Amino acid sequence: MAHTAGPEIEQLIQLLARLPGFGPRSARRATLHLIKKREVLMSPLASAMQRAFENVRTCSVCANVDTADPCGICTDVRRTGQGMLIVVEDVADLWALERSSVGPVLYHVLGGTLSPLDGVGPEDLNIASLNARVAAGGISEVVLAVNATVEGQTTAHYVTDRLAGQNVKITRLAHGVPVGGELDYLDEGTLAQALKARTDF
Amino acid sequence: MNWSGEGLIIGTRRHGETSIILEAMTAERGRHLGLVRGGRSRRMGAVLQPGNWVQLSWRARLDEHLGAYTVEPLIQRAAELMRDRQKLFMCQLLCQHLRLLPERDPHRGILISVLEILKSDADTTGAGKALARFEMQLLDDLGFGLDLSSCAATGTTVDLSHVSPKSGRAVSRAAALPFGERMLVLPRFFADGGEPDRTDLQNAFRLTGFFLGRHVWQPREISPPHTRDALIEMLAGPL
């Protein structure tokens, strides 16, 4: 490829291209946009990234990401008194649940699912810390909000096994028809599950 | 290059933002991988789950390429499996076992056994027996089959009660006596096809686990699947 920009710009393009949703072409567009908006966008973005790099850490309690440890969720007194702990696979799932305004609940991020193909075993997930957290008391219900995939549900069963014997109610998210879902396009297993979990209308 | 056929989904791996690499077990082509473009879409999510039986069309420029799959669902079993802990763990373990087989090497018998187990509504004893027999079959297909036809020491074909951990051959009760607990117990149902009890199942899983560990997991530096321990505990109690 012909040399079109200096090494600093080329490096910026290469780094941006490694972001999710970006490819070389979109990285070039983003770089050009940043250069054009040098003062109003590039400089604040660089500062924000530097601050995030210096301050963001993983919460030692729930494995969420925040600038404080323990994170803002774990130290929120409105949440700690409720006794509901939602177990999620990833921080993105935590953010999704927070967007849905589930209420004053606590979270625990597992950090993935058990996946032998990817070499992820129980010791690679935050299962031991979940166990310790529940054993410490103050939790009355653990909600397993993992993906409705074979790997996600296997992980949920494994976590349930590990929590066996603890005086805590264990629940999981309902499976069924999504909003906007057309019955004709749903798989028979999901339909059967939705029918079984039907509610009064 | 292209082919079409039916297969069992045994695993998926994310590839980029929108695609996945699908691992399927087919009767004619064995364990076969391919890229599914758009495989991470909401529509394909329910289809591309381990345990589902699908129609596959594979296409590549050269045979040795990864190639691309198009997938249509035939039997969507995954949601049913997720409702039953034992079936879910069984499906996961069987898929993990199938991944031990070499790529593109047909193992029709193994696939038939897996489909029978997945379809079955057997109780814990029946499921345990089927799994133990499947692991024996897997060892055989991987080239490490046990020889249970006669005693390694005396040649007798009666009262075979143990297996030599060294040779993988059966040993009669009398010949095994001097070696004590160093011999692995041969559960009766492997020889006579009878109904096993929990002790028989535990002995069977100790036996298959020992040889899978020695010949497969350890040489490949992989840990025994955690689902195996959990499933065995459900079916036969802790080992």
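All of these numbers come straight from a predicted model, not from anything done at the bench. A note on names: the letters A, B, ... follow the listed sequences, proteins ahead of strands, and every chain is numbered from 1.
- Of the two parts of B:Gln92, only the side chain, counted from C-beta on, holds a non-hydrogen atom closer than 4.5 Å to a non-hydrogen atom of chain A.
- Shown here is A:Arg29, whose CZ atom has no more than 12 heavy atoms of other residues, nucleotides or ligands within 6.0 Å.
- Counting only heavy atoms from C-beta outward, the side chains of B:Arg85 and A:Gln153 never approach each other to under 4.5 Å.
- Contact annotation: the side chain of A:Lys196 approaches that of B:Arg83 to within less than 4.5 Å [non-hydrogen atoms, C-beta and beyond].
- Environment of CD in B:Glu72: sparse, with no more than 12 heavy atoms of neighbouring residues, nucleotides or ligands closer than 6.0 Å.
- For B:Pro73, no part lies under 4.5 angstrom from a heavy atom of chain A.
- Contact count against chain A (heavy-atom pairs under 4.5 Å) is highest for B:Glu17 among B:Glu17, B:Glu233, B:Arg42.
- Closest heavy-atom contact between B:Phe89 and A:Tyr158: CZ-N, 4.2 Å.
- Other residues, nucleotides and ligands contribute only 12 or fewer heavy atoms inside 6.0 Å of the CZ atom of B:Arg59.
- Residue B:Thr227 touches chain A through its side chain alone, counting heavy-atom pairs closer than 4.5 Å.
- With values rounded to the nearest 0.5 angstrom, B:His226 atom NE2 is found 7.0 Å from A:Thr154 atom OG1.
- Taking CG from A:Asp161 and CE from B:Met234, the interatomic distance works out to 6.5 Å, rounded to the nearest 0.5 Å.
- Crowding of A:Arg79 atom CZ: a count of heavy atoms from other residues, nucleotides or ligands under 6.0 Å exceeding 12.
- Within a 6.0 Å sphere centred on CG of B:Asp123, heavy atoms belonging to other residues, nucleotides or ligands number more than 12.
- No more than 12 heavy atoms of other residues, nucleotides or ligands lie within 6.0 Å of NE2 in B:His15, so this atom counts as exposed by the packing criterion.
- Distance check: B:Met82 CE to A:His157 NE2 gives 9.5 Å after rounding to the nearest 0.5 Å.
- Surrounding CZ of B:Arg220 are more than 12 heavy atoms belonging to other residues, nucleotides or ligands, all under 6.0 Å away.
- Between chain A and the options B:Cys95, B:Ala230, B:Ala79, heavy-atom pairs under 4.5 Å are most frequent for B:Ala79.
- Annotation for A:Gln11: atom CD does not count as buried by contact number, only 12 or fewer foreign heavy atoms lying within 6.0 Å.
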